[in-house]
Amino acid sequence: MPEGPEVETVRRGLTRLVVGRKVLGTEVRWEKTISGMAPEEFDAELVGRTIEKVDRRGKYLLFRFSGGLTMVSHLRMEGAYYTVPAGTEPGKHDLVTFHLDEGIDLFYRDTRKFGRMNLVPDADALQVAGLAKIGPEPTEKDLSLAYMVSEFAKSRMHVKPFLLDQSHIAGLGNIYVDETLWQSQIHPLTAANKLSEDELARLRENIIHEITRATEHHGTTVHSFTTAFGEAGEFQNELQVYGRVGEPCLRCGHPLEKMKVAQRGTTYCPVCQVVKD
DNA sequence: GGAACTGTTATGAA
DNA sequence: GTTCATAACAGTTC
(Lines give C-alpha, C1' and ligand atoms only; values in the text may rest on other atoms or scores of the structure.)
Protein backbone atom coordinates (compact mmCIF):
# COMPACT_ATOMS: atom_id res chain seq x y z
CA MET A 1 0.00 0.00 0.00
CA PRO A 2 1.99 2.89 1.24
CA GLU A 3 4.79 5.25 0.39
CA GLY A 4 5.70 8.28 2.48
CA PRO A 5 2.57 10.35 1.73
CA GLU A 6 0.24 7.44 2.48
CA VAL A 7 2.04 6.63 5.74
CA GLU A 8 1.86 10.31 6.72
CA THR A 9 -1.87 10.25 5.97
CA VAL A 10 -2.25 7.22 8.24
CA ARG A 11 -0.19 8.96 10.93
CA ARG A 12 -2.46 12.00 10.89
CA GLY A 13 -5.55 9.82 11.05
CA LEU A 14 -4.18 7.83 13.97
CA THR A 15 -3.25 11.03 15.76
CA ARG A 16 -6.89 12.08 15.73
CA LEU A 17 -8.33 8.63 16.43
CA VAL A 18 -6.13 6.96 19.04
CA VAL A 19 -3.71 9.41 20.68
CA GLY A 20 -4.63 9.65 24.35
CA ARG A 21 -6.23 6.19 24.37
CA LYS A 22 -5.08 3.52 26.80
CA VAL A 23 -4.44 -0.09 25.78
CA LEU A 24 -6.71 -2.51 27.64
CA GLY A 25 -5.56 -5.63 25.81
CA THR A 26 -4.29 -6.99 22.51
CA GLU A 27 -4.91 -9.99 20.27
CA VAL A 28 -2.39 -11.22 17.75
CA ARG A 29 -3.67 -13.64 15.12
CA TRP A 30 -0.47 -13.84 13.02
CA GLU A 31 2.65 -13.99 15.13
CA LYS A 32 5.10 -13.04 12.41
CA THR A 33 3.52 -9.58 12.36
CA ILE A 34 5.03 -8.82 15.77
CA SER A 35 8.47 -9.95 14.60
CA GLY A 36 8.59 -13.20 16.50
CA MET A 37 7.69 -11.79 19.92
CA ALA A 38 5.30 -14.06 21.80
CA PRO A 39 1.75 -12.63 21.77
CA GLU A 40 1.61 -12.91 25.58
CA GLU A 41 4.74 -10.78 25.91
CA PHE A 42 3.44 -8.26 23.36
CA ASP A 43 0.24 -7.98 25.35
CA ALA A 44 2.02 -7.74 28.71
CA GLU A 45 4.25 -4.93 27.39
CA LEU A 46 1.35 -2.84 26.10
CA VAL A 47 -1.49 -3.28 28.56
CA GLY A 48 -1.95 -0.18 30.68
CA ARG A 49 0.11 2.08 28.45
CA THR A 50 -1.31 5.15 26.76
CA ILE A 51 -0.62 6.10 23.13
CA GLU A 52 0.98 9.51 23.60
CA LYS A 53 2.01 10.33 20.06
CA VAL A 54 2.39 8.83 16.60
CA ASP A 55 5.51 9.83 14.68
CA ARG A 56 6.71 8.90 11.21
CA ARG A 57 10.13 8.44 9.65
CA GLY A 58 10.15 7.49 5.96
CA LYS A 59 7.55 4.73 5.60
CA TYR A 60 7.77 3.75 9.28
CA LEU A 61 5.20 4.66 11.91
CA LEU A 62 6.42 5.14 15.48
CA PHE A 63 3.75 4.72 18.13
CA ARG A 64 5.00 6.41 21.29
CA PHE A 65 3.59 4.76 24.40
CA SER A 66 3.74 6.04 27.95
CA GLY A 67 6.64 4.71 29.94
CA GLY A 68 9.22 5.06 27.18
CA LEU A 69 8.10 2.29 24.82
CA THR A 70 7.93 2.71 21.03
CA MET A 71 6.19 0.44 18.55
CA VAL A 72 7.90 0.69 15.18
CA SER A 73 5.39 -0.34 12.52
CA HIS A 74 5.97 -0.84 8.80
CA LEU A 75 2.92 -1.44 6.60
CA ARG A 76 4.92 -2.92 3.69
CA MET A 77 2.55 -3.56 0.77
CA GLU A 78 -0.94 -3.65 2.25
CA GLY A 79 -0.88 -3.01 5.97
CA ALA A 80 -3.59 -0.70 7.28
CA TYR A 81 -4.86 0.62 10.61
CA TYR A 82 -8.47 1.52 11.30
CA THR A 83 -10.72 1.89 14.28
CA VAL A 84 -14.00 0.12 14.95
CA PRO A 85 -16.44 0.02 17.88
CA ALA A 86 -15.26 -2.30 20.67
CA GLY A 87 -16.46 -5.84 20.16
CA THR A 88 -16.43 -5.75 16.36
CA GLU A 89 -15.60 -9.18 14.98
CA PRO A 90 -12.23 -9.17 13.16
CA GLY A 91 -12.21 -10.28 9.54
CA LYS A 92 -9.92 -12.80 7.90
CA HIS A 93 -7.15 -10.26 7.27
CA ASP A 94 -7.35 -8.37 10.56
CA LEU A 95 -4.14 -9.70 12.10
CA VAL A 96 -3.85 -7.63 15.29
CA THR A 97 -6.42 -6.02 17.56
CA PHE A 98 -5.61 -3.32 20.12
CA HIS A 99 -8.48 -2.98 22.57
CA LEU A 100 -8.47 0.67 23.68
CA ASP A 101 -10.44 2.54 26.30
CA GLU A 102 -13.56 4.58 25.47
CA GLY A 103 -15.02 1.70 23.47
CA ILE A 104 -12.55 1.75 20.60
CA ASP A 105 -10.78 -1.18 18.96
CA LEU A 106 -7.81 -0.46 16.71
CA PHE A 107 -7.48 -3.11 13.98
CA TYR A 108 -4.37 -3.83 11.96
CA ARG A 109 -5.32 -5.39 8.64
CA ASP A 110 -2.74 -6.83 6.25
CA THR A 111 -3.91 -9.05 3.39
CA ARG A 112 -0.45 -10.15 2.35
CA LYS A 113 0.93 -10.35 5.91
CA PHE A 114 4.18 -8.54 5.03
CA GLY A 115 3.87 -5.76 7.60
CA ARG A 116 5.87 -5.85 10.83
CA MET A 117 5.69 -4.30 14.31
CA ASN A 118 8.57 -4.04 16.77
CA LEU A 119 8.37 -3.04 20.42
CA VAL A 120 11.53 -1.31 21.62
CA PRO A 121 12.59 1.25 24.21
CA ASP A 122 12.29 4.80 22.81
CA ALA A 123 16.06 5.16 22.67
CA ASP A 124 16.40 2.12 20.38
CA ALA A 125 13.62 3.00 17.94
CA LEU A 126 15.85 4.52 15.28
CA GLN A 127 18.16 1.50 15.41
CA VAL A 128 15.50 -0.97 14.29
CA ALA A 129 16.46 -2.62 10.99
CA GLY A 130 15.67 -0.32 8.12
CA LEU A 131 15.58 2.82 10.22
CA ALA A 132 19.24 2.59 11.18
CA LYS A 133 20.47 3.57 7.71
CA ILE A 134 17.51 5.58 6.42
CA GLY A 135 18.18 8.65 4.28
CA PRO A 136 16.84 12.20 4.71
CA GLU A 137 13.16 13.05 4.39
CA PRO A 138 12.29 14.52 0.97
CA THR A 139 11.74 18.04 2.23
CA GLU A 140 13.27 21.40 1.34
CA LYS A 141 14.97 21.47 4.72
CA ASP A 142 16.30 17.91 4.96
CA LEU A 143 17.18 17.06 1.36
CA SER A 144 19.88 19.44 0.20
CA LEU A 145 21.23 19.62 -3.32
CA ALA A 146 24.76 19.22 -1.96
CA TYR A 147 23.72 15.91 -0.39
CA MET A 148 22.12 14.76 -3.64
CA VAL A 149 25.26 15.58 -5.61
CA SER A 150 27.60 13.70 -3.28
CA GLU A 151 25.26 10.75 -2.66
CA PHE A 152 24.44 10.10 -6.32
CA ALA A 153 28.09 10.37 -7.31
CA LYS A 154 28.88 7.36 -5.12
CA SER A 155 26.73 4.85 -6.98
CA ARG A 156 26.59 3.30 -10.42
CA MET A 157 23.17 1.78 -9.76
CA HIS A 158 20.31 2.54 -12.10
CA VAL A 159 18.55 5.61 -10.81
CA LYS A 160 15.22 3.79 -10.30
CA PRO A 161 16.42 1.17 -7.79
CA PHE A 162 18.72 3.83 -6.32
CA LEU A 163 15.69 5.98 -5.46
CA LEU A 164 13.74 2.99 -4.14
CA ASP A 165 16.59 2.28 -1.72
CA GLN A 166 15.48 4.02 1.48
CA SER A 167 19.04 4.60 2.61
CA HIS A 168 19.47 7.38 0.03
CA ILE A 169 16.16 9.24 0.40
CA ALA A 170 13.34 8.20 2.74
CA GLY A 171 9.75 7.54 1.73
CA LEU A 172 9.83 7.13 -2.04
CA GLY A 173 8.23 4.02 -3.55
CA ASN A 174 7.34 2.68 -6.98
CA ILE A 175 4.67 5.25 -7.84
CA TYR A 176 6.47 8.43 -6.82
CA VAL A 177 9.76 7.30 -8.34
CA ASP A 178 8.12 6.74 -11.73
CA GLU A 179 6.30 10.06 -11.45
CA THR A 180 9.31 12.15 -10.48
CA LEU A 181 11.65 10.53 -13.03
CA TRP A 182 9.12 11.32 -15.76
CA GLN A 183 8.73 14.89 -14.51
CA SER A 184 12.50 15.27 -14.48
CA GLN A 185 12.88 13.68 -17.95
CA ILE A 186 15.33 11.09 -16.60
CA HIS A 187 15.33 7.52 -17.92
CA PRO A 188 14.94 4.92 -15.11
CA LEU A 189 18.03 3.04 -16.33
CA THR A 190 20.36 6.02 -16.14
CA ALA A 191 23.26 5.37 -13.77
CA ALA A 192 22.95 7.45 -10.59
CA ASN A 193 26.48 8.83 -10.97
CA LYS A 194 25.80 9.95 -14.57
CA LEU A 195 23.21 12.52 -13.59
CA SER A 196 24.32 16.12 -14.00
CA GLU A 197 23.94 18.67 -11.24
CA ASP A 198 21.16 20.31 -13.27
CA GLU A 199 19.31 17.02 -13.50
CA LEU A 200 19.75 16.39 -9.78
CA ALA A 201 18.45 19.86 -9.00
CA ARG A 202 15.38 19.19 -11.15
CA LEU A 203 14.87 15.76 -9.63
CA ARG A 204 15.17 17.17 -6.12
CA GLU A 205 12.60 19.90 -6.76
CA ASN A 206 10.19 17.42 -8.34
CA ILE A 207 10.54 14.91 -5.51
CA ILE A 208 9.93 17.50 -2.80
CA HIS A 209 7.01 19.04 -4.68
CA GLU A 210 5.41 15.70 -5.57
CA ILE A 211 5.60 14.29 -2.05
CA THR A 212 4.17 17.52 -0.64
CA ARG A 213 1.27 17.54 -3.09
CA ALA A 214 0.54 13.83 -2.64
CA THR A 215 0.42 14.32 1.14
CA GLU A 216 -1.98 17.25 0.74
CA HIS A 217 -4.20 14.95 -1.34
CA HIS A 218 -4.17 12.26 1.40
CA GLY A 219 -2.06 9.89 -0.67
CA THR A 220 -2.68 7.66 -3.67
CA THR A 221 -5.18 4.80 -3.75
CA VAL A 222 -4.60 2.35 -6.59
CA HIS A 223 -5.22 -1.03 -4.95
CA SER A 224 -6.20 -1.08 -1.35
CA PHE A 225 -4.86 1.98 0.48
CA THR A 226 -7.33 3.72 2.75
CA THR A 227 -6.83 6.38 5.36
CA ALA A 228 -7.36 5.49 9.02
CA PHE A 229 -10.90 6.79 8.44
CA GLY A 230 -11.44 4.10 5.80
CA GLU A 231 -11.40 6.57 2.92
CA ALA A 232 -9.43 6.44 -0.33
CA GLY A 233 -6.76 9.03 -1.07
CA GLU A 234 -7.25 11.43 -3.97
CA PHE A 235 -3.81 11.68 -5.53
CA GLN A 236 -4.42 8.82 -8.02
CA ASN A 237 -6.27 11.44 -10.06
CA GLU A 238 -3.06 13.47 -10.32
CA LEU A 239 -0.72 10.71 -11.51
CA GLN A 240 0.99 11.43 -14.82
CA VAL A 241 2.61 8.07 -15.68
CA TYR A 242 1.88 5.35 -13.10
CA GLY A 243 -0.97 3.16 -14.37
CA ARG A 244 -1.08 4.99 -17.72
CA VAL A 245 0.89 2.52 -19.88
CA GLY A 246 -0.25 2.78 -23.51
CA GLU A 247 -1.82 6.17 -22.93
CA PRO A 248 -0.23 9.28 -24.43
CA CYS A 249 2.63 11.00 -22.64
CA LEU A 250 1.24 14.23 -21.24
CA ARG A 251 4.33 16.06 -22.51
CA CYS A 252 4.97 14.67 -26.02
CA GLY A 253 1.97 12.49 -26.85
CA HIS A 254 3.95 9.29 -27.48
CA PRO A 255 2.34 6.23 -25.85
CA LEU A 256 3.89 5.45 -22.46
CA GLU A 257 5.70 2.12 -22.19
CA LYS A 258 6.30 -0.30 -19.34
CA MET A 259 9.33 -2.42 -18.53
CA LYS A 260 10.87 -4.24 -15.58
CA VAL A 261 13.61 -2.45 -13.69
CA ALA A 262 15.00 -4.24 -10.64
CA GLN A 263 11.92 -6.53 -10.64
CA ARG A 264 9.52 -3.58 -10.43
CA GLY A 265 7.05 -2.51 -13.06
CA THR A 266 8.25 0.80 -14.46
CA THR A 267 6.19 3.13 -16.63
CA TYR A 268 8.04 5.79 -18.63
CA CYS A 269 8.06 7.75 -21.86
CA PRO A 270 10.62 6.37 -24.33
CA VAL A 271 10.80 9.74 -26.10
CA CYS A 272 11.02 12.23 -23.22
CA GLN A 273 13.14 10.06 -20.94
CA VAL A 274 16.39 9.04 -22.58
CA VAL A 275 19.35 7.14 -21.09
CA LYS A 276 22.51 9.16 -20.72
CA ASP A 277 25.87 7.50 -21.07
C1' DG B 1 -6.28 -23.36 -14.87
C1' DG B 2 -2.46 -20.80 -14.19
C1' DA B 3 1.03 -17.36 -14.97
C1' DA B 4 2.03 -12.76 -14.01
C1' DC B 5 0.81 -8.66 -11.57
C1' DT B 6 0.68 -5.74 -7.21
C1' DG B 7 2.19 1.67 -2.92
C1' DT B 8 8.05 -3.27 0.26
C1' DT B 9 12.18 -4.77 2.27
C1' DA B 10 15.30 -8.32 4.74
C1' DT B 11 18.34 -11.75 3.35
C1' DG B 12 21.91 -14.27 1.29
C1' DA B 13 24.67 -14.96 -2.74
C1' DA B 14 27.62 -13.36 -6.56
C1' DG C 1 31.45 -3.06 -0.07
C1' DT C 2 27.81 -3.17 -3.81
C1' DT C 3 24.41 -4.93 -6.39
C1' DC C 4 20.99 -8.43 -7.46
C1' DA C 5 17.46 -12.10 -7.17
C1' DT C 6 14.51 -14.24 -4.12
C1' DA C 7 11.29 -14.93 -0.47
C1' DA C 8 7.70 -13.57 2.62
C1' DC C 9 1.80 -13.88 1.21
C1' DA C 10 -2.81 -13.30 -0.87
C1' DG C 11 -5.75 -11.47 -4.17
C1' DT C 12 -6.69 -9.81 -8.83
C1' DT C 13 -5.98 -9.66 -13.73
C1' DC C 14 -4.94 -11.46 -18.25
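For the numbers below, each heavy atom of this structure counts, side chains included, while hydrogens, waters and symmetry mates do not. Here is the naming used below: chain letters follow the sequence lines, and residue numbers restart at 1 for every chain.
Remark: P of dA8(C) and CH2 of Trp30(A) are 11 Å apart, rounded to the nearest angstrom. Between the CG atom of Asp110(A) and the C1' atom of dT6(B) there is a distance of 13 Å, rounded to whole Å. Whole-Å rounding puts the Leu61(A) CG to dT8(B) P distance at 14 Å. Taking atom CD on Glu78(A) and atom C1' on dC9(C), their separation rounds to 9 Å, with Å as the unit. In this entry the distance linking CZ of Phe162(A) with P of dT3(C) reads 9 Å, nearest Å. Between the P atom of dT8(B) and the CG atom of Leu172(A) lies a distance of 10 Å, rounded to the nearest Å. Rounded to whole angstrom, the span from the CE atom of Met157(A) across to the P atom of dG1(C) amounts to 17 Å. Here the C1' atom of nucleotide dT8(B) and the OH atom of Tyr176(A) are 15 Å apart, to the nearest Å.
Of the two residues near DNA chain B, Leu131(A) and Thr221(A), the one whose nearest nucleotide lies more 5' is Thr221(A).
Residue contacts shown for Phe235(A) are absent, as no nucleic acid heavy atom lies under 4.0 Å away. In this structure, Lys133(A) reaches neither bases nor backbone, as no heavy-atom distance under 4.0 Å exists between it and the strands shown. At the heavy-atom level, Gly265(A) lies under 4.0 Å from the strands shown only through sugar-phosphate atoms. Within 4.0 Å (heavy atoms only), Tyr242(A) reaches sugar-phosphate atoms of the nucleic acid but no base atom. Here Arg264(A) lies in heavy-atom contact (under 4.0 Å) with a base. If you check every strand for non-hydrogen atoms under 4.0 Å, Lys258(A) touches sugar and phosphate atoms only.
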Next on the checklist: Using side-chain hydrogen bond (donor to acceptor under 3.5 Å, both in side chains), reason through Arg204(A) and Ser184(A) one step at a time and then give a plain yes or no.
Outcome noted: CA-CA 9 Å; Arg204(A) 174 179 173 274; Ser184(A) 308; over 6 Å; no
Checklist entry - What do the steps show when you test Phe98(A) against Ile51(A) for side chain to side chain contact (heavy atoms under 4.5 Å, CB included), and what is the final call? => result CA-CA 11 Å; Phe98(A) 300 83; Ile51(A) 304 172; over 6 Å; no
Checklist entry - Could you walk me through whether Leu14(A) and Leu106(A) pass the side chain to side chain contact (heavy atoms under 4.5 Å, CB included) check? => result CA-CA 9 Å; Leu14(A) 288 172; Leu106(A) 175 65; 3.9 Å; yes
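Between Lys260(A) and the phosphate of dT6(B), there is a side-chain N or O to OP1/OP2 separation shorter than 4.0 Å. Contact annotation: Gln166(A) reaches the phosphate of dT9(B) (side-chain N/O to OP1 or OP2, under 4.0 Å). Regarding contacts with the backbone of dC4(C), every side-chain N or O of His158(A) stays at 4.0 angstrom or more from both OP1 and OP2. Remark: Arg76(A) is not in phosphate contact with dA8(C), judged by side-chain N or O atoms under 4.0 Å from OP1 or OP2. Remark: His74(A) is not in phosphate contact with dT8(B), judged by side-chain N or O atoms under 4.0 Å from OP1 or OP2.
In summary, Lys141(A) and Glu137(A) do not engage in a salt bridge, as defined by a charged side-chain N under 4.0 Å from a carboxylate O. A salt bridge links Asp55(A) with Lys53(A); the closest basic N to acidic carboxylate O contact falls under 4.0 Å.
Proximity note for Lys32(A) (side chain, C-beta onward) versus dT6(B), dT8(B), dC9(C): the nearest is dC9(C). The side chain of Phe114(A) has dC9(C) as its nearest neighbour among dT3(C), dC9(C), dT9(B). Closest to the Gln263(A) side chain, of the nucleotides dT8(B), dT6(C), dC5(B), is dT6(C). Here the side chain of His93(A) is nearest to one of dT6(B), dG11(C), dT3(C), namely dG11(C). Proximity note for Ser155(A) (side chain, C-beta onward) versus dT3(C), dT8(B), dG11(C): the nearest is dT3(C).
Rounded to a whole angstrom, the distance from the P atom of dG11(C) to that of dT9(B) is 22 Å. The gap from the P atom of dA3(B) to that of dA7(C) amounts to 15 Å, rounded to the nearest Å.
At most 12 non-hydrogen atoms from other residues, nucleotides or ligands lie less than 6.0 angstrom from CD of Glu197(A). For Arg156(A), the CZ atom is loosely surrounded, since the number of other residues' heavy atoms within 6.0 Å does not exceed 12. Counting heavy atoms of neighbouring residues, nucleotides and ligands inside a 6.0 Å radius, atom CZ of Arg16(A) does not exceed 12 of them.
For Ser73(A) and Tyr108(A), the side-chain atoms include no donor-acceptor pair closer than 3.5 Å.
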Checklist entry - How is the base pairing of DNA chain C summarised as a dot-bracket string, given the Watson-Crick and G-U wobble criteria with both distances under 3.5 Å, [ ] for crossing and | for another strand? => result .|||||||.|||||
